[in-house]
Amino acid sequence: MIRPRRKPLPKGVYHSFVRSLYENRATLFIGMISHAVTFLLVYTRVDDAFFLFATVAVIAIFVLRMFDMRGFDRLDLSSADDVTLRLWEDRYLLGGLCVTMTCGLACAYAIVVTQDAFAELACISVTVASMISIVGRNYGSSRAVAILTAGACGPIFFGLLSLGDFYMGVLAALMIPLAVTTWQMAKGVREFLYRNVIAATEIATIADRFDAALNNMTHGLFMLDAQGRVLVVNRRATDLLNLDWTFGLKDSHLEVVLKYGMRHSFLDGDQIRQVLRQLKPLLEGVETRTLVPFPDDFYLEFSASRRLDGGTVLIFEDVSARILAERKILNMVRYDALTGLPTRSYFSELVEAAIGQGDPDRPVAFLIMDIVDFKHVNDMRGHVVGDQLLVVVAERLRALAGEGAIVGRLMGDEFVVLLADEPDRAALDSRMRSLHQQMRGTYTVSGFTFLLTMSAGSVMTPAGTFSFEDVQIKADLALFESKNRNRGGFTAFEETMDEQYVDRQKLKADFQQALETAALSVAYQPMITPDGLHIECCEALARWTHPERGPVGPAVFIRVAEEMGLVSEVTAFVLRRACIDCMDWPDGMAVSVNLSVVDLRNPGFAAKVLQILEETGLPPRRLHLEVTEGGFIEDPVKVGAMLQQLRARGIAIAIDDFGTGYSSLSYLDTLPLDLVKVDRSFVRNIREDARRFNLLRGVVQLSRELGLRVIVEGVETLDQLDLLRAHDCADLIQGYVFARPMPAGEILNLAFATDSKRAIAARKSQLT
């Protein structure tokens with residue numbers, strides 16, 4: 001076999017070449033007939049039995065070769081190795097050599113023995129013709145061409161030489177270039193076919209890979225020519241469009257293909273035309289991407305790219321899951337997860353859309369309501385029941401407001417309603433008041449019955465001058481008046497309330513100035529051991545005395561700080577002042593500072609705390625930081641990591657207002673805590689309410705089992721203190737029963753007084 005240099009012939013190519021030896025058997029039959037007839041003619045001419053023997057030989061050889069070739073047909077080439085193939089190649093060569101040797105010997109015999117012109121011409125002619133067949137049939141085997149050519153030409157060569165004639169010797173010599181030329185011709189054919197076989201194999205491999213890749217794509221694909229006819233289509237495309245894979249897709253126009261598939265799917269005629277209209281801009285190159293909706297929440301996204309020949313590659317995928325997820329996310333953003341009402345932002349969008357339609361002079365009513373003492377529901381029945389109650393309230397509000405109203409939930413227990421479908425101001429006012437009145441009443445949730453009232457604030461304005469932010473501010477002012485003057489009442493906005501708004505803006509400016517000039521102050525409420533003999537820590541509380549208004553309550557100015565985004569500045573001020581004051585107290589006394597949600601979201605807050613400690617010189621062990629559950633809800637992992645960083649420096653971490661959150665118990669185990677401050681709601685009426693007291697004891701026991709110390713807030717009476725002492729329910733007490741918040745200087749005096757009491761108590765204990 002001809003093989004590339006230093007590179008073995010690929011198995012598939014060798015298979016092909018060996019197989020070529022056993023093909024075109026009709027030529028063997030024709031050759032056998034030609035040989036037999038020629039030798040018979042020579043026999044009848046010269047009456048020499050040798051030629052009769054040659055006739056019988058070629059026929060017998062042909063028959064044997066046919067049997068051998070039938071055996072080759074039964075061979076499974078896919079599993080045959082090169083050794084087996086080489087054996088069959090050798091068997092073929094043996095049969096072919098027998099034929100050519102017979103022909104060659106017949107020629108030599110005619111030249112040397114018979115010396116009849118006809119016999120010589122006939123034998124040499126049929127032998128030379130056979131050599132042409134050698135090239136055509138045996139190009140696949142270099143050995144076959146060489147051996148068979150030698151078998152045919154060798155006897156003739158030696159026969160001519162044996163005559164001893166110069167001219168016959170020249171003819172013998174000319175047999176050599178004839179044999180070489182025959183071999184070269186076969187080599188050229190073989191190498192040409194070798195390159196084509198390799199190329200065809202590579203093309204088939206690439207085609208198989210392309211086909212596998214194409215039909216395993218998650219996207220459907222159509223490759224179209226410039227006239228929109230389908231050139232290539234993959235299986236995913238047929239699945240997505242409900243096409244029959246056996247349907248004649250190739251060379252069909254895409255419009256016909258789509259109509260065929262969709263007609264056998266779930267679309268009617270109008271829907272099919274709509275899909276084709278949407279795809280038309282893609283096929284024309286006007287657009288590159290489009291989303292096509294189908295019935296039953298099925299969506300296909302098509303994208304197109306133009307080819308240089310004017311055709312188009314159209315790729316599409318099933319994006320139903322993505323669209324439904326986006327719709328779900330959008331729904332989560334737009335609607336409150338608990339009540340299903342629009343959130344503030346989406347409510348604002350709905351309002352703006354509704355206001356923009358209709359007569360700009362028509363009146364529009366805006367109503368805000370919030371549930372009176374809703375916190376009491378959470379405190380008494382838990383947040384689960386509280387949430388269920390909000391759902392029931394929302395359902396009743398939606399039903400009572402009616403179709404023409406827009407209802408939303410702003411936050412917590414605040415609900416908002418927009419009415420814009422009444423042409424008369426008096427009718428609108430009456431409708432708002434009626435709605436507020438109807439929202440009062442009993443609500444039953446989880447077996448509990450609640451009698452609810454709602455404070456309401458309303459504002460009415462022409463649609464043409466409506467501004468959501470401005471209207472909400474005015475409605476908030478009216479609601480504030482309801483809460484202050486008549487809890488559970490209804491208050492319509494009055495222009496004089498703007499003065500209150502202006503006053504609040506001035507209060508913000510004054511607070512900004514107070515913060516910049518350090519006009520705030522810090523008071524401290526002690527945390528004392530239950531026996532009243534030792535102050536371990538004092539909670540730092542921000543205070544503001546306005547130069548004109550006098551003392552402003554923390555609930556007021558902290559809310560102002562939140563609105564202005566200054567809560568972190570307030571925390572930093574209190575933290576620095578507390579550390580400085582604590583340096584003047586006895587070494588064993590610590591100071592506790594409250595952190596806001598904003599502080600816990602600030603990634604640089606831990607570094608700020610450590611910086612203040614370094615500047616003031618306060619040891620980290622004398623600083624406690626109090627955090628509420630609200631600071632953990634959004635990102636408990638990051639907040640926990642920051643608190644762990646501070647705790648590793650020796651700072652104690654306390655969870656404040658424990659028991660008021662929805663899942664506070666889970667934080668005791670997952671967060672880096674040292675102290676638990678039990679909310680004052682657990683202490684209220686503990687003497688009368690055994691269930692509340694048992695709950696308090698359970699919280700204390702759980703906290704101590706986790707290695708946490710317990711601080712009980714809001715202890716105001718000796719009766720409460722005695723009960724807590726009797727059942728060992730606190731490590732520290734914070735409340736009016738021992739001390740109210742006081743300036744830093746008084747803390748030092750109180751510390752000396754408690755130390756004296758402790759010393760006296762110790763001496764009495766020794767005497768007894």
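From a predicted model like this one, the values you see are computed outputs, not experimental measurements.
Shown here are the side chain to side chain donor-acceptor pair (under 3.5 Å) partners of Arg91, two or more places apart in sequence or in another chain: Asp68. A search for side-chain contact (heavy atoms from CB on, under 4.5 Å) contacts involving Tyr346 returns Arg334, Tyr335, Pro342, Thr343, Glu349, Leu350, not counting sequence neighbours. Applying the salt bridge (Lys or Arg N to Asp or Glu O under 4.0 Å) test to Asp413 and every residue at least two apart in sequence or in another chain returns nothing. Taking the side chain to side chain donor-acceptor pair (under 3.5 Å) definition, one finds that Ser320 meets it with Asp318, sequence neighbours left out. Partners of Ala606 under the side-chain contact (heavy atoms from CB on, under 4.5 Å) rule, at least two apart in sequence or in another chain, are Met642, Gln645, Leu646. Listed by chain and residue number, Arg143 satisfy the side chain to side chain donor-acceptor pair (under 3.5 Å) test with Asp90 (two or more places apart in sequence, or in another chain). With sequence neighbours left out, the side-chain contact (heavy atoms from CB on, under 4.5 Å) criterion links Val319 to Leu291, Tyr299, Glu301, Glu317, Arg322, Ile323. With sequence neighbours excluded, no residue satisfies side chain to side chain donor-acceptor pair (under 3.5 Å) with Arg70. Taking the salt bridge (Lys or Arg N to Asp or Glu O under 4.0 Å) definition, one finds that Arg229 meets it with Asp225, sequence neighbours left out. Remark: Pro281 engages Val286, Glu287 in a side-chain contact (heavy atoms from CB on, under 4.5 Å) (not counting sequence neighbours).
With a 4.5 Å cut-off on side-chain heavy atoms, Ile406 and Val417 do not count as touching. With a 4.5 Å cut-off on side-chain heavy atoms, Phe302 and Ile315 do not count as touching. Using a 4.5 Å heavy-atom cutoff, the side chains of Val99 and Arg65 are in contact. Residues Arg289 and Phe316 fail the side-chain proximity criterion, which asks for heavy atoms closer than 4.5 Å. A 4.5 Å side-chain heavy-atom check between Val233 and Met223 finds every atom pair outside the cut-off. When side chains are defined from C-beta on, Leu600 does not count as touching Asn602, because their heavy atoms never get closer than 4.5 Å. Considering only heavy atoms from C-beta on, Val351 comes within 4.5 Å of Phe466 through its side chain. Between Leu418 and Phe347 there is a side-chain heavy-atom pair separated by less than 4.5 Å.
Residues Gly95 and Ile61 share a closest heavy-atom pair of O-CG2, 3.7 Å. Taking each heavy atom of Arg362 and Ala354 in turn, the nearest pair found is NH2-O, 3.0 Å. In terms of heavy atoms, Ala401 sits closest to Leu435 at N-CD1, 3.9 Å. Nearest heavy-atom pair across Asn234 and Leu221 is OD1-N, 2.9 Å. In terms of heavy-atom proximity, Gln472 sits nearest to Phe366 at CA-CE2, 4.0 Å. Scanning both residues, Leu390 and Arg409, for their nearest heavy atoms gives CD1-NH2, 3.4 Å.
The backbone N or O of Ser34 sits less than 3.5 Å from a side-chain atom of Thr38, completing a donor-acceptor pair.
The OG1 atom of Thr339 lies 3.5 Å from the CG atom of Leu341; values are rounded to the nearest 0.5 Å. Note that NZ of Lys638 is 14.0 Å distant from CG of Leu643, once rounded to the nearest 0.5 Å. Atom OG1 in Thr102 sits 11.5 Å away from atom CD1 in Ile59 (nearest 0.5 Å). Separation of atoms OG (Ser303) and NE2 (His219) is listed at 7.0 Å; rounding is to 0.5 Å. Rounding to the nearest 0.5 Å gives a distance of 11.0 Å between CG of Leu64 and CZ of Phe62.
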Would you please test Lys328 and Leu324 for side-chain contact (heavy atoms from CB on, under 4.5 Å) and show each step?
-> CA-CA 6 Å; Lys328 184 177 180 180; Leu324 294 177; over 6 Å; no

What's the verdict on side-chain contact (heavy atoms from CB on, under 4.5 Å) for Val313 and Arg306, showing C-alpha distance, side-chain angles and the deciding distance?
-> CA-CA 6 Å; Val313 177; Arg306 303 285 291 180; over 6 Å; no

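For the ring pair (Phe, Tyr, Trp, His ring centres under 6.0 Å) condition, no pair includes a residue of residues 385-420, sequence neighbours left out. Sorted by first and then second residue, the side chain to side chain donor-acceptor pair (under 3.5 Å) pairs with a member in residues 394-406 read Arg396-Tyr443; sequence neighbours excluded.
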